[in-house]
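These notes concern the structure reproduced below.
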Amino acid sequence: MRNLENKVIYQIYPKSFKDTTGNGYGDIQGIIEKLDYLQDLGVDYIWLSPCCKSPQNDNGYDISDYMQIDELFGTNDDYENLIKEAKKRNIKVMMDLVLNHTSSEHIWFKKALEKDEKYYNYYIWRDKPNNIKSMFGGSAWSYSEEVGKYYLRLFDKTQPDLNWENEEVRKDLYKMINYWINKGVEGFRLDVIDLIGKEPDKMILGKGPKFYEYLKELNNNTFKDKLLTVGECWGSSIEESYKMCNKDGLTQAFHFTYQCLTNKDGDKWNQTKLDLSKLCSILDTWENEYKGIEAIVMNNHDLPRLISLWLNDKEYRKESAKLLITLFGLLKGNLYIYQGEEIGMTNAYFDNIDDYIDVETLNKYNELKEKNISEDKIMDIIKLISRDNARVPMQWDNIENAGFTKGKPWLKINKNYKEINVAKDINSIDSIFNYYKNIIKYRKENYSKIDSKAIFKTDGKILTMEKDKFILYANFSDQNININYKGNILFKNYNNIKENILRAYEVLVFSK
Ligand code: TEU
C-alpha cells in the first residue's frame, strides 16, 4: 500500500470552524490560526468541505466556479497559504471534490439555459421526467422554461447533475483537479462519486455500468494512485467498495454501513435501536475480509453526532465519546475525525424549525407537515437527525459565540458551549480531547497491534473486540454489568476500574 494507511484525517466544515472577519462565517484564515491545535491533536490531513464559489444553497456542495475560492472563505492565495502553513506542520490538505453536479449558477449551466449546444450537453435533459426521486425529497427532475425540457438533479433543484457520458465534461473536470494538485492539494474526498455512472432512463443511480471505467479514467488523468482519495458511496457493500479501491480507482470509500445501522428500512427519518450484533458483523467484515484501507468515520457534516444517536450525550457524554473513539480508534485503516467530536460536541437539538438552515431538513419538515404529522413529532425527528446538528459552529471557548465569531453566527451556537469547548478540554487531563490525543498517539506507535485479525462478540449490551495483543470490552448500555476480565489496563474511560464490573457506557481495553 502506498503508505496511505494509518492516517488521521480531520474534517473541517469551513463555514463553522473559525471566523476571523466577524461576518459570522468561518474562513480559511481561521483554519490557519488553528493549525497548531490540529498538529497538537496529531492529524495528518485536513479535509475541507467545499470552499469554492457557491450560492450556498447546499452549503458549498453547489459549486458555481471550481477554480475560484468563494470570498466568503477568502481568496485563492489564502487557500495556497493554508496549504503552505499546513505543510510546515506535516499536515496535508484534502479537497472536497463535487463532480456529480454543479450549481445552477455555474457558467456551464447558464450557457446550457441559453441552449449553447456544447454546454447543453454538459447536463442531462429529458422531454418527460421519470419517477427518480431526489435525495432531498420530491422529483429528481426540474423543468427549465428557457430550454423547455426537464433536467436531472439528484439533490436540490439548484444542483443540476453533470452528464459524465460527455467526454468534454470529464476533460474539464480533470483539468480542474490537476490545477488544484499543482497548487499542492495532496488528497481528495469525492462527493457522491458512485453516482457518476448513473443511467437515469434505466433508473440506475449508484455504481452504474460505466462507473468503474470512469473511476479508472479519472484516476489515471489526475491522482494517478499517488494521492489519498476517499469516495463517498452511501450504502456500498464490501464487494463494491473493494472493487473501487485499487490502483485504478480510489484509496478508500465511505460506505456508511455502521453509521446507518439505526435507520429503519434504510430511512434515516425513521429510527430504530442500535443492534450490536449487526455492528459486530459489519466490523468483522471490514476488519477481517476487506483487503483495502477502511475509512473509519463516526461523524461528518451530514450525520447526527454519533454520541447523541447511539449513546448518552448528557449524563454520560464524556464516557460515551471515549467509548466510541476507543472502539473505532483501534480499527485498521485511516481514522476520520469530524470537527468537534474530539471535545465531545453533541447534537444541537434546536426546538424551533426557524433555527434550521439545511435544505434537506427544511424539505423534510415541509413534507411531513403536508402529511399532517404533528409539529412535536416532526421536531422530535428533526432534532435528532438534521444535518444542522453537526454543522453548528465549533465550540472554542466559553465566551460569547463560543469564540467562533465576533459577529452573528450564520447558524446558532449549541447552547452547551459553556461546558463543552476546546479551551476547557485542552487544560483538563482526563478530557475527551486528551483521550483522543492518546488514542491517536497509540495508533501511530502501535499500529502493528491494531493491524491484526479481530474477533467480535456481543450479548446485546456489551461488545467485545479481541485482537492478538489486546481485548476491548464496551458497555453500550446504561446498566452495571458483571464480567470477568484480566490483564494490564491499556485504556479506560472512567477514572478508575471496578473489579469485574463494567459500568454504564464503560470501555476497558486490556493488553494481552
Ligand atoms: O451527501 C450525499 C447525501 O446523500 C447525504 O448528504 C444525504 O443527506 C443523505 O441523506 C445522508 O444523510 C453529499 C454531501 O456530503 C452532502 O453534504 C451534500 O448535500 C450532497 O452530497 C450533495 O452534494
Side-chain angles (χ1 to χ4, degrees), residues 9 11-16 47-52 54-64 66 94-106 109 132-138 140 152-162 164 173 188-196 198 205-207 230-236 253-271 295 297-306 308-309 336 338-339 347 356-365 367-368 381-382 384-392 411:
I9 299 98
Q11 184 193 357
I12 291 172
Y13 202 66
K15 210 168 173 176
S16 301
W47 151 27
L48 273 65
S49 279
C51 306
C52 289
S54 161
Q56 296 292 316
N57 296 322
D58 187 19
N59 290 346
Y61 284 90
D62 48 326
I63 291 176
S64 56
Y66 286 109
M94 176 185 274
M95 176 176 261
D96 205 323
L97 284 176
V98 187
L99 306 178
N100 176 67
H101 49 271
T102 67
S103 160
S104 49
E105 296 298 306
H106 197 290
F109 193 70
I132 294 177
K133 295 285 175 251
S134 160
M135 311 288 183
F136 291 165
L152 182 69
R153 43 69 163 203
L154 293 179
F155 293 94
D156 187 54
K157 63 181 181 304
T158 63
Q159 292 171 288
D161 278 57
L162 283 165
W164 266 72
L173 291 175
F188 290 94
R189 178 265 189 183
L190 291 96
D191 189 65
V192 290
I193 194 65
D194 63 324
L195 298 178
I196 60 173
K198 67 180 84 74
L205 298 180
K207 295 172 277 293
V230 56
E232 181 196 33
C233 308
W234 288 89
S236 294
F254 292 136
H255 45 81
F256 297 114
T257 43
Y258 41 81
Q259 301 85 342
C260 296
L261 262 179
T262 56
N263 297 355
K264 200 168 184 181
D265 306 324
D267 176 10
K268 70 177 187 176
W269 302 102
N270 195 350
Q271 284 295 303
V297 58
M298 296 185 275
N299 297 282
N300 71 19
H301 63 289
D302 292 332
L303 295 168
R305 294 278 180 179
L306 203 59
S308 301
L309 190 65
Y336 286 76
Y338 177 62
Q339 71 178 47
N347 267 10
Y356 292 85
I357 291 179
D358 173 31
V359 57
E360 182 192 56
T361 301
L362 298 176
N363 287 357
K364 179 52 75 174
Y365 175 83
E367 179 193 312
L368 296 176
I381 189 66
I382 281 183
L384 181 63
I385 297 298
S386 169
R387 301 191 301 180
D388 280 335
N389 277 306
R391 300 174 178 186
V392 297
L411 182 63

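One-based numbering along the sequence shown. What you see is a predicted model; the values in this text were computed from it and never measured. Order of appearance sets the numbers: ligands from 1, and atoms from 1 within every ligand.
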TODO: Would you please write out the protein residues whose heavy atoms approach any atom of ligand 1 to under 4.0 angstrom, listed by chain and number?
DONE: D58, Y61, H101, F136, F155, Q159, R189, D191, V192, E232, W234, K268, H301, D302, E360, R387, R391
Between the side chains of [X] and [Y], does any donor sit under 3.5 Å from an acceptor?
| X | Y | answer |
| --- | --- | --- |
| K157 | N57 | no |
| T361 | S386 | yes |
| Q56 | D62 | no |
| D156 | Y61 | no |

- [ ] Output all residues satisfying salt bridge (charged side-chain N to carboxylate O under 4.0 Å, His left out) with K207, sequence neighbours left out; order by chain, then residue number.
- [x] D194
TODO: Any chance you could lay out the side-chain hydrogen bond (donor to acceptor under 3.5 Å, both in side chains) test for E105 and T158, step after step, and finish with the verdict?
DONE: CA-CA 8 Å; E105 296 298 306; T158 63; over 6 Å; no
